[in-house]
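Below is one structure, written out as structure tokens; the observations come after it.
For clarity, every value in this text was computed on a predicted model and none was experimentally measured.
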Amino acid sequence: MRGVLDRIDRAGHPPMHTLAPDQARAAYEAGAGVLDVPAVPLARVEALSIPCRDGHRLNARLFSPSPDPGLPVLLYLHGGGFTVGSVATHEPLCRQLAALAGCAVVSVDYRLAPQWKFPTAVHDAWDSLQWLHREAPALGLDPARIAVGGDSAGGTLSLVTALTARDAGLPLSIQLLFYPGCAGHQNTRSHHEFAHGFLLEKAHIDYFFGHYLRGPADRDDWRFAPLDGVDDTGHPVDLDGVAPAWIGLAECDPLTDEGIAMADRLRMAGVAVDLEIYPGMVHGFIQFGRAVPQALAAHRHAAQALKQAFQSP
């Protein structure tokens, strides 16, 4: 992992937090596939368009390992600090999960900051899940076997979407969470220990949240901070009855401690949690499959969790 970080440093690209958002997105798009696994050929890949509550339409893409009807489906929400990333940057990962888990994956281009502030991405994620549940039969997918998942900011959105689904009575098979952001304030030991030199740095987190949030009060909203945020009544959000979770964390990541704390809170609420911590890995490692075998292991573990969840009654 250190060798990968050294290669990234030697590339000499300007730090993302020094770029304008459009420049940051372009830089992220350009570098996203360099260390990722090759795109797995699939039997079915389709462009989709998802309507939102305000009339906007989101681009999305369906990946399926089989043309046969009735497959379970994972709604995937990409990472990128709510500011960068896209369906395209996470296509190799989504293809890999589809192939390994034997399920379809629908990846969504939810709206990004700063053009679209919090809670637009939250609304887009929930609107996407409702649409997928409604349209699954027409797409040849099983509406009774739907999962939600994502990495980093997409993991945050997945957690929040799963809680909203619970409240709406929309059952989910599992939440698949790669190093999700969970806390409203970055004051844990891992945030201090890995603030510099481990790919995702404090300056990046400040940059992303500065673009995404409308103001300081948003940090305490549970839809941004499912671990320690509060609802409209000022109380922490109840976690009882939310879908089971598979959580994959990187050891050397500012977000590790809040991910562990989130797993603990879910377990205390009686939610089944499978927690994996990958030694020596940094934030974003699941897209480094060409360089680190732990990324491939995480893909396998996540796919196995999906398979088991989709087979459960």
Side-chain angles (χ1 to χ4, degrees), residues 48 50-54 56 58 60 62 72-82 85 87 90 94 97 103-113 116-136 141 143-184 212 218 221-227 229 231-232 236-248 259 262-263 265-266 269 271-273 302 305-306 309-310:
L48 303 174
I50 299 176
C52 297
R53 64 190 69 186
D54 60 1
H56 188 87
L58 304 174
L62 167 66
V73 58
L74 166 68
L75 178 71
Y76 196 85
L77 303 164
H78 66 79
F82 308 101
V87 168
H90 286 65
C94 289
L97 291 174
C103 71
V105 177
V106 171
S107 181
V108 180
D109 269 328
Y110 59 87
R111 284 173 280 185
L112 300 176
W116 300 96
K117 297 278 191 178
F118 172 86
T120 301
V122 174
H123 294 162
D124 287 353
W126 173 234
D127 291 349
S128 296
L129 179 60
Q130 290 181 292
W131 177 89
L132 181 58
H133 182 258
R134 185 172 63 250
E135 297 296 325
L141 306 174
R145 293 187 294 164
I146 298 179
V148 64
D151 59 294
S152 194
T156 310
L157 294 173
S158 298
L159 268 165
V160 173
T161 301
L163 287 162
T164 308
R166 175 205 62 187
D167 294 343
L170 195 164
L172 296 175
S173 297
I174 194 171
Q175 315 173 58
L176 193 78
L177 311 172
F178 295 106
Y179 33 78
C182 303
Y212 180 54
D218 285 343
D221 190 314
W222 74 272
R223 297 170 299 171
F224 172 71
L227 172 65
D231 60 19
D232 291 339
V237 64
D238 177 21
L239 303 179
D240 292 2
V242 75
W246 180 91
I247 303 175
M262 190 75 230
R265 266 208 71 200
L266 287 165
V271 178
V273 177
L306 286 169
F310 288 140

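The ring-ring contact (aromatic ring centres under 6.0 Å, His included) test applied to Y212 returns F82, F118, not counting sequence neighbours. Partners of D218 under the salt bridge (Lys or Arg N to Asp or Glu O under 4.0 Å) rule, at least two apart in sequence or in another chain, are R214. W222 is linked by a ring-ring contact (aromatic ring centres under 6.0 Å, His included) to nothing, counting only residues two or more places apart in sequence or in another chain.
W131 and P51 make their closest contact through CD1-CD, 3.4 Å (heavy atoms, listed as atom of the first residue, atom of the second, distance).
Contact check for V160 versus V237: no side-chain heavy atoms found under the 4.5 Å cut-off. Using a 4.5 Å heavy-atom threshold, the side chains of L74 and L306 count as touching. At least one side-chain heavy atom of L112 sits less than 4.5 Å from a side-chain heavy atom of H78. Proximity of L58 to C52: side-chain heavy atoms (C-beta onward) are separated by under 4.5 Å at one or more points. Side-chain contact between M262 and L239 is present, with heavy atoms from C-beta onward closer than 4.5 Å. Taking the side chain as every heavy atom from C-beta outward, V108 and V87 never approach each other to under 4.5 Å.
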Sequence neighbours left out, cut at 3.5 Å: what donor-acceptor pairs do the side chains of residues 170-179 make with other protein atoms?
| residue | atom | partner | partner atom | Å |
| --- | --- | --- | --- | --- |
| Q175 | NE2 | A243 | O | 2.8 |
| Y179 | OH | G284 | N | 3.3 |

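Residue pairs meeting the salt bridge (charged side-chain N to carboxylate O under 4.0 Å, His left out) criterion with at least one member in residues 120-132, sequence neighbours excluded: R53-D127, R111-D124. For residues 147-160, every residue pair satisfying the side chain to side chain donor-acceptor pair (under 3.5 Å) rule, not counting sequence neighbours, is listed here: Y76-D151, H90-D151, S152-H283.
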